[in-house]
Protein chains: 2
Amino acid sequence: MLTKKELKEYCSNARENYLPHISIDCVVFGFHEGLMKVLLLQIKNGGEWYLPGGFVLKKEPIETAANRVLKERTGLNNIFLQQFHVFGDPERSKQHFDMYKDMLPAKDNWFTNRFLTIGYYALVDFYNVNPAPDQFSADCIWCDLNNLPELKLDHAAILKTALDALRLQLNYQPIGYNLMPKEFTMPELQKLYETILDEKLDRRNFQRRMLGFGILKRSEQLRRGGAHKAPYLYSFELENYNAALKEGFKGRW
Amino acid sequence: MLTKKELKEYCSNARENYLPHISIDCVVFGFHEGLMKVLLLQIKNGGEWYLPGGFVLKKEPIETAANRVLKERTGLNNIFLQQFHVFGDPERSKQHFDMYKDMLPAKDNWFTNRFLTIGYYALVDFYNVNPAPDQFSADCIWCDLNNLPELKLDHAAILKTALDALRLQLNYQPIGYNLMPKEFTMPELQKLYETILDEKLDRRNFQRRMLGFGILKRSEQLRRGGAHKAPYLYSFELENYNAALKEGFKGRW
DNA sequence: AAACATAGTGTATTATTGACACAATTGTAA
DNA sequence: TTACAATTGTGTCAATAATACACTATGTTT
């Protein structure tokens, strides 16, 4: 926990460098051992959990701010990021870092301000991430999406909205390049979809549909070492993948 | 155009009441005589065009702010509003009301600030709208979507993004209740879809699909007076409509 | 070598979509 | 009054896509 002096310094620094009343929160999705993971921070003392986030520098594009925040929490650059919603209820930031609320008079205290937060979701390769806590957190770890701790503020709602947005995305855009390692098998990719959607899919139909998108290329190699028949390895055909990202799979009209 | 005194007053008032650095811009879609219309404001003097917009009061939810702005421009309450994107490039507001840029020193001048703008699109019944200019505009009028004047700032990009979001919405949500009068014919509804999508649809297939959604009810009455066979009148079955809005038409997974 | 778990491939059935034809209705022009 | 043009209501057939399922292949385990 910050001392009064540290808090004071943080606040005056923040006021000088960041846009007031605006924050960024990121829902970082990863995929590991068949489970959907979300990156969470645990507050120093208190022990409460919250989403990685930060503020926007006065002359910084908001996308850059989101990337900067994520770089700090994950070590990664060029993360797949999708802005999905702004949460602007005046009540939402009422309990923002409330242990610091009384340490400074409101007019000097960054954390008593109202914040609109811009929600981003990020898709990352679990294995490349080096979770790093921020200044206010004791820990930064992956949590199972279906076994989340209680979250501070409206972060549970933000997470839910992000998940809805991600599920919607599945219907008109490819997904997976950012969540899977370079090479993967069809069953592994299927598992990703099943995890996001939280439902079982038919193996054969999944493969047919997926290949139909034309964004995969099959390697000659097989994934050896598994306990059964060795599956083929696939990777994404990046050109087609990006084209599909941009154009979207055709809608229904 | 505001005098220096008026501007000064406006700015000090704004600084006192609004959240700094945050604005709202609304793309108001209407449908009239087979054409998609967008509500635009024309700047006093200058003559340039821009989207209806405004600012967020310090304790006001952003949705309320958007509704307030639209109430002022259209006279309507309870407008169908959809937040679709935040535009946060630091360069985007560089030419914001630039005729006022030099009238006040930057530190006092609200319009030299950087603004993130939250984009909303609205769907309204053309015939219920009473377009009203704001303090900075000489005029507030409906413009044809496919015959737009040049727009100030990044408003052309905002409009384009709104249209994309609207088109996306067609794929998983019903639309029309907010854009059509109470009663309408199937060809009229089809025209709306064709206009939004900017493509011709097959009459018979459109009807089958539309009825399949189960959100329409057919009146016993016909629309008389047209020059040809009188079509049936339909209206939306509001309960089912709202359920479909909430649940969405099923995706493809 | 047999048992087993998982992967690859294919096929029959059903549902959805797309393309199109025809009859009915209404105002207009001959 | 009648023929005509334009438009609406309805239906059908074929193509396509989605779903459900079966069989074979491969590698591990015993």
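It should be emphasised that the depicted structure is a prediction, and the values quoted were computed from it without experimental measurement. Worth knowing before you read on, the calculation uses all heavy atoms, side chains too, and leaves out hydrogens, waters and symmetry mates. The chains referred to below are lettered A, B, ... by the order of the sequence lines, with proteins before strands, and numbering in each begins at 1.
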Q: What is the distance, rounded to the nearest whole Å, between atom OH of B:Y232 and atom P of D:dT8?
A: 14 Å
Q: When you measure from the side chain of A:Q207, which nucleotide among C:dT26, C:dT9, D:dA25 comes out closest?
A: C:dT9
Q: In whole angstroms, how far is the P atom of C:dT26 from the CZ atom of B:R224?
A: 5 Å
Q: Counting side-chain heavy atoms from C-beta on, which of D:dA6, C:dG18, D:dT26 comes nearest to A:K229?
A: D:dT26
Q: Between A:F236 and A:F184, is the gap from one ring center to the other below 6.0 Å?
A: yes
Q: Hey, mind stepping through B:F31 and B:Y193 against ring pair (Phe, Tyr, Trp, His ring centres under 6.0 Å) and telling me if it holds?
A: CA-CA 10 Å; B:F31 182 62; B:Y193 274 76; 9.9 Å; no
Q: Name the orientation class of the two ring planes belonging to B:Y177 and B:Y241 (parallel below 30°, tilted from 30 to 60°, perpendicular beyond 60°).
A: tilted
Q: In terms of ring plane angle, is the pair B:Y121 and B:F84 parallel, tilted or perpendicular, where the classes change at 30° and 60°?
A: tilted
Q: Between atom CG in B:D202 and atom P in D:dT12, what is the gap in whole Å?
A: 16 Å
Q: Separation of A:M210 atom CE from C:dG8 atom P, in whole Å?
A: 14 Å
Q: Would you mind reading off the distance between A:F249 atom CZ and D:dA18 atom P, rounded to a whole angstrom?
A: 12 Å
Q: Check the distance between D:dG9's P and B:M186's CE and give it to me in whole angstrom.
A: 8 Å
Q: Using a cut-off of 4.0 Å on non-hydrogen atoms, how would the nucleic acid contact of A:R204 be classed: base, sugar-phosphate, or nothing?
A: base
Q: Round to the nearest Å and state the distance from A:K200 atom NZ to C:dT6 atom P.
A: 11 Å
Q: Check the phosphate of D:dG9 against B:R203, side-chain N and O only, distance under 4.0 Å to OP1 or OP2. Yes or no?
A: no
Q: In whole Å, what is the span from the CG atom of B:N205 to the P atom of C:dA21?
A: 13 Å
Q: Give the ring-plane orientation class for A:H32 versus A:Y127, where under 30° counts as parallel, over 60° as perpendicular and anything between as tilted.
A: perpendicular
Q: Pick base, sugar-phosphate or nothing for B:R218, based on heavy-atom distances below 4.0 Å to the nucleic acid.
A: sugar-phosphate
Q: Once you apply a heavy-atom cut-off of 4.0 Å, does B:A227 come out as touching a base, just sugar-phosphate, or nothing?
A: base
Q: Under the 3.5 Å rule, do the base of C:dG18 and the side chain of B:R208 count as making a donor-acceptor pair?
A: yes
